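Report on one structure; see the data block that follows.
Nothing here was measured: the structure is a model prediction, and the numbers come from that model. Naming convention: chains lettered A, B, ... in sequence-line order (proteins, then strands); numbering from 1 in each chain.
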Amino acid sequence: QQQVKQSPQSLIVQKGGISIINCAYENTAFDYFPWYQQFPGKGPALLIAIRPDVSEKKEGRFTISFNKSAKQFSLHIMDSQPGDSATYFCAANTFSGSARQLTFGSGTQLTVLP
Amino acid sequence: KAGVTQTPRYLIKTRGQQVTLSCSPISGHRSVSWYQQTPGQGLQFLFEYFSETQRNKGNFPGRFSGRQFSNSRSEMNVSTLELGDSALYLCASSRGQGSGNTIYFGEGSWLTVV
């Protein structure tokens, strides 16, 4: 029930195209859904995040779409650039009592071709 | 503003030894959590500390332990190292524990067990 399932495992997109990464969850206690971007040799960096009471959030070229009833959320990268080539992780946060935990998806390796 | 700082960045240990990793959170951040990242298992939650108390622990053996000091700095220790402990260990900090508190990651400590 703690799992977050992420797809696809890898994604190749042409420059200027749209990259779409999907995540699904089961635990309705998740209350915060961040996306992280990780470059080789670096730690994950927060990209964008959303709460379950919001259906969409946009920041620049990055948009999260959230479907609470379907327990799914997705990251859309518009006008994808070669510099966006990285591994993307969705995550879901639980905060119960005084305990907090981020559960991560398995990651999507995005390659944007020039 | 300095980010999350982890030391050492790289280390090689022999099976059976122990290791201590250090984390300095972002100034003003009181919550520190640790994650293990491996190619096979992805990002897995180890534990979270807030106000010098362990608030949550992931599904790892007792060989993995940690602590947090009064200045919010944290250390994690792995005893009796096994080859499978080779991983990137990531420290993350946030101002508080609530779901609205963004979690920021450090660059990680690369541990190789030989």
Side-chain angles (χ1 to χ4, degrees), chain A residues 1-10 21 23 25 27-54 57 59 64 66 73 86-109, chain B residues 2-7 9-10 21 23-26 29-60 68 87-110:
Chain A
Q1 198 178 19
Q2 282 291 99
Q3 278 189 323
V4 176
K5 296 183 179 179
Q6 183 172 346
S7 64
Q9 186 174 0
S10 62
I21 304 170
C23 287
Y25 64 96
N27 188 354
T28 55
F30 289 140
D31 60 2
Y32 175 70
F33 300 85
W35 283 87
Y36 286 87
Q37 178 190 56
Q38 187 176 30
F39 292 103
K42 300 290 186 180
L46 179 68
L47 200 57
I48 187 173
I50 197 168
R51 293 179 179 275
D53 55 349
V54 176
K57 183 175 182 180
E59 289 185 3
I64 299 178
F66 190 88
F73 58 111
T87 301
Y88 292 81
F89 293 92
C90 62
N93 180 80
T94 51
F95 181 57
S96 176
S98 61
R100 180 188 191 179
Q101 178 175 340
L102 269 181
T103 301
F104 284 87
S106 54
T108 296
Q109 188 165 352
Chain B
V4 179
T5 304
Q6 293 188 243
T7 56
R9 288 295 318 279
Y10 305 92
L21 308 177
C23 172
S24 293
I26 293 172
H29 285 197
R30 296 171 61 197
S31 172
V32 173
S33 49
W34 290 87
Y35 291 80
Q36 182 196 64
Q37 186 174 24
T38 60
Q41 299 297 318
L43 280 152
Q44 293 188 287
F45 172 76
L46 278 160
F47 24 66
E48 185 212 7
Y49 288 87
F50 184 78
S51 294
E52 302 178 64
T53 303
Q54 186 180 92
R55 304 290 179 156
N56 198 6
K57 182 173 169 60
N59 189 26
F60 279 83
Q68 186 181 33
L88 176 64
Y89 289 89
L90 291 159
C91 173
S93 76
S94 63
R95 187 171 298 278
Q97 285 188 297
S99 61
N101 287 278
T102 303
I103 298 174
Y104 298 91
F105 282 84
E107 301 281 77
S109 292
W110 288 92

B/L88 versus chain A, the contacting section by heavy-atom distance below 4.5 Å
side chain
Do other residues, nucleotides or ligands put more than 12 heavy atoms under 6.0 Å from the CD atom of A/Q109?
no
Does A/D53, at its CG atom, have more than 12 non-hydrogen atoms belonging to other residues, nucleotides or ligands within less than 6.0 Å?
yes
Note: B/L90 and A/G43 closest approach over all heavy atoms is CD2-CA, 3.9 Å
Atom OG in B/S94, atom CG in A/L46: separation rounded to 0.5 Å?
11.5 Å
With sequence neighbours excluded, what pairs up with A/S7 under the side chain to side chain contact (heavy atoms under 4.5 Å, CB included) test?
A/N22
Atom group of A/P34 that falls short of 4.5 Å from chain B, counting heavy atoms
neither
For the residue pair B/I103 and A/Y36, establish whether any side-chain heavy-atom pair is separated by less than 4.5 Å.
yes
So if I take each residue of residues 33-45 of chain B and look for any heavy atom under 4.5 Å from a heavy atom in chain A, which residues do I end up with?
B/Y35, B/Q37, B/L43, B/F45
Is the count of non-hydrogen atoms from other residues, nucleotides or ligands lying under 6.0 Å from A/K42 atom NZ greater than 12?
no
Got a sec: does the CD of A/Q9 have more than 12 other heavy atoms crowding it under 6.0 Å?
no
